Amino acid sequence: MKAMCVVGARPNFMKAAPVIDALRRYQDVQVMLVHTGQHYDHQMSTLFFQELGMPKPDVDLQVGSGSHGEQTGQIMVRLEPLMKSERPDVVIVFGDVNSTIAAALCAAKLGIQVAHVEAGLRSFDRTMPEELNRILTDNLSDFLFITELGARKNLKREGIAEEKAFFVGNVMVDTLLKHRERASALRVSQKLGVQAGTYGLLTLHRPSNVDDEHTLSEILDAIDDLSKRLTIIFPCHPRTRQRLSTGAHAHLLTKESEGGRVRLMMLDPLGYLEFLSLMADARLVLTDSGGIQEETTVLGVPCLTHRRNTERPVTVEQGTNVLVGNSREAIVAAADKALTAAALHAGVPDLWDGKASERIAAILHDRLAALSR
Ligand code: UD1
């Protein structure tokens, strides 16, 4: 059996790593890894491959940045001849980025089986590019691996045959549990001069938050307020750095408190292990990422999400996640509540146990072997 895994952007790498490992344990499975090059920086890509011990991609399509149509189209143009010549039995795609839909569409049109890892999540907000990628990828997929049970209902509602969906747990949690101790030994906050358990960790990159000047100002004003109480560490995504480089917000980014404490510490994007170390030791995480909502739930760290909806409702129902939107007032009030609340009673969702990728590999191995008989 030949499996082609296609990855492209930062949140794909930690999902693909354990699946590749699990597939490679089967001697009759050949795994090929294709990087679309959607993310290409050392900090956004290469570093993750190194830290996660991933094999070097067999092929790098080097598409780079561009508009959605351009990026998605270019990935397809470059993938099609490769899929035609390699003829994999299955193409495995991850998450909801442009590389995911491009690879799924390319494979489906060539009659190749498509497996989608992290299927069935829905924010019900079609203004998010990721939501369109999710809906379309799921509709094209033959194997839909789901992380939470609500996803099954979402797929059913869209008319996707129930037997295609497999509840396997969360591959990102496989990676987190595997690397947690190594990450914690790095003691990144200490190296930054901030005591564990006393700081907030911020990430921000969603176009709806950072491309709109008013929204970005509301969030940064809230962060400014909050930074009077605790240091905020802010590893900054390239998209956000570009927006901030205009200077309109510079005064917020360089302040120190009276005692000489740095209020907001802006950093370049961090590697997987460094970020995990900071997340595990944070008093509070503030984010608009999808994956971080899940990771904080597993770590038991309070998470405020700067969005009005989430495609990962289990993190709110069972985990530590609170949706706070993006108004200054709401963020400050929610942060206040989180900082003064007694200990959290959050649980870890079903099957987020570190074994999701083993389940995926076993299902693919058995089903594809049966098909070829
Ligand atoms: C993409 C995903 C998003 C995911 C995010 C994580 C889509 C539609 N979006 O958004 O779901 O949460 O990745 O980061 O696929 N850039 C660099 N270096 C890089 C890559 C990008 O500097 O290695 C800059 C470029 O200026 C680029 C911008 O970041 O224009 C945005 O990159 P892009 O891949 O278009 O989307 P993300 O915002 O990263």
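Worth saying up front: this structure is predicted, and the values here are computed from it rather than measured. Order of appearance sets the numbers: ligands from 1, and atoms from 1 within every ligand.
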Exercise for the section: Give a yes or no on whether the backbone of T137 and the side-chain of S141 come within a donor-acceptor separation of less than 3.5 Å. Expected result: yes

Fill in the blank from the handout: Quick note on ligand 1: atoms under 4.0 Å from a heavy atom of H68 include exactly 8 (C)

Handout entry: Ion pair check, R328 and E218, cut-off under 4.0 Å
Key = no

Practice task
Return yes if some donor-acceptor pair links the side-chain N/O of D336 with the main-chain N/O of V332 below 3.5 Å, else return no.
Solution key: no

Practice task
Pull out every atom of ligand 1 sitting under 4.0 Å from any heavy atom of P11, numbered as shown with elements.
Solution key: 4 (C), 6 (C)

Handout entry: Test of ring centre spacing under 6.0 Å for H42 and F49
Key = no

Practice task
Go through the steps for R206 and E130 under the test side chain to side chain contact (heavy atoms under 4.5 Å, CB included), then give the verdict.
Solution key: CA-CA 10 Å; R206 222 153 269 295; E130 292 84 357; 3.1 Å; yes

Problem - Nearest-contact summary for atom 13 (O) of ligand 1 - protein heavy atom, Å - result: H39 CE1, 3.2 Å

Fill in the blank from the handout: Near S65 (heavy-atom distance under 4.0 Å), the atoms of ligand 1 are 21 (C), 25 (C), 27 (C), 30 (O)

Problem - Rounded distance [0.5 Å steps], CD in E118 versus NZ in K15 - result: 3.5 Å

Completion exercise
Ranked by distance from atom 31 (C) of ligand 1, the top protein heavy atom is R239 NH2, 4.1 Å

Completion exercise
Checking heavy-atom distances from atom 2 (C) of ligand 1 to each of V97, D96, N12, V210, the winner is V97

Exercise for the section: Look only at interatomic distance and state if N133 has a nitrogen or oxygen under 3.5 Å from any nitrogen or oxygen of ligand 1. Expected result: no

Exercise for the section: Considering only non-hydrogen protein atoms, determine which one is nearest to atom 26 (O) of ligand 1 and report residue, atom name and distance to 0.1 Å. Expected result: Q242 NE2, 3.2 Å

Practice task
For atom CD of E329, decide whether the heavy atoms of other residues, nucleotides or ligands shown that lie under 6.0 angstrom number more than 12.
Solution key: no

Problem - Validation row: Q113, V91 side chains within 4.5 angstrom (heavy atoms) - result: no

Completion exercise
Numbered in order shown, the ligand 1 atoms found under 4.0 Å of a heavy atom of E130 are 3 (C), 9 (N), 11 (O)

Handout entry: Atoms in ligand 1 with a heavy atom of P238 nearer than 4.0 Å
Key = 16 (N), 17 (C), 22 (O), 24 (C), 29 (O)

Completion exercise
for atom 18 (N) of ligand 1, nearest protein heavy atom and its distance come out as D41 OD2, 3.1 Å

Handout entry: atom 16 (N) of ligand 1: the protein heavy-atom neighbour that sits closest, reported with distance to 0.1 Å
Key = Y40 OH, 3.5 Å

Handout entry: Which segment of Q43 sits under 4.0 Å of ligand 1 when only heavy atoms are counted
Key = neither

Handout entry: Nearest protein heavy atom with distance in Å, relative to atom 12 (O) of ligand 1
Key = H205 NE2, 2.8 Å

Completion exercise
So CG of L23 and CD1 of I360: to nearest 0.5 Å the spacing works out to 8.5 Å

Practice task
Taking atom NZ of K355 as the centre, report whether more than 12 heavy atoms of other residues, nucleotides or ligands fall under 6.0 Å from it.
Solution key: no

Problem - Proximity to ligand 1 by part of M44, non-hydrogen separation under 4.0 Å - result: side chain

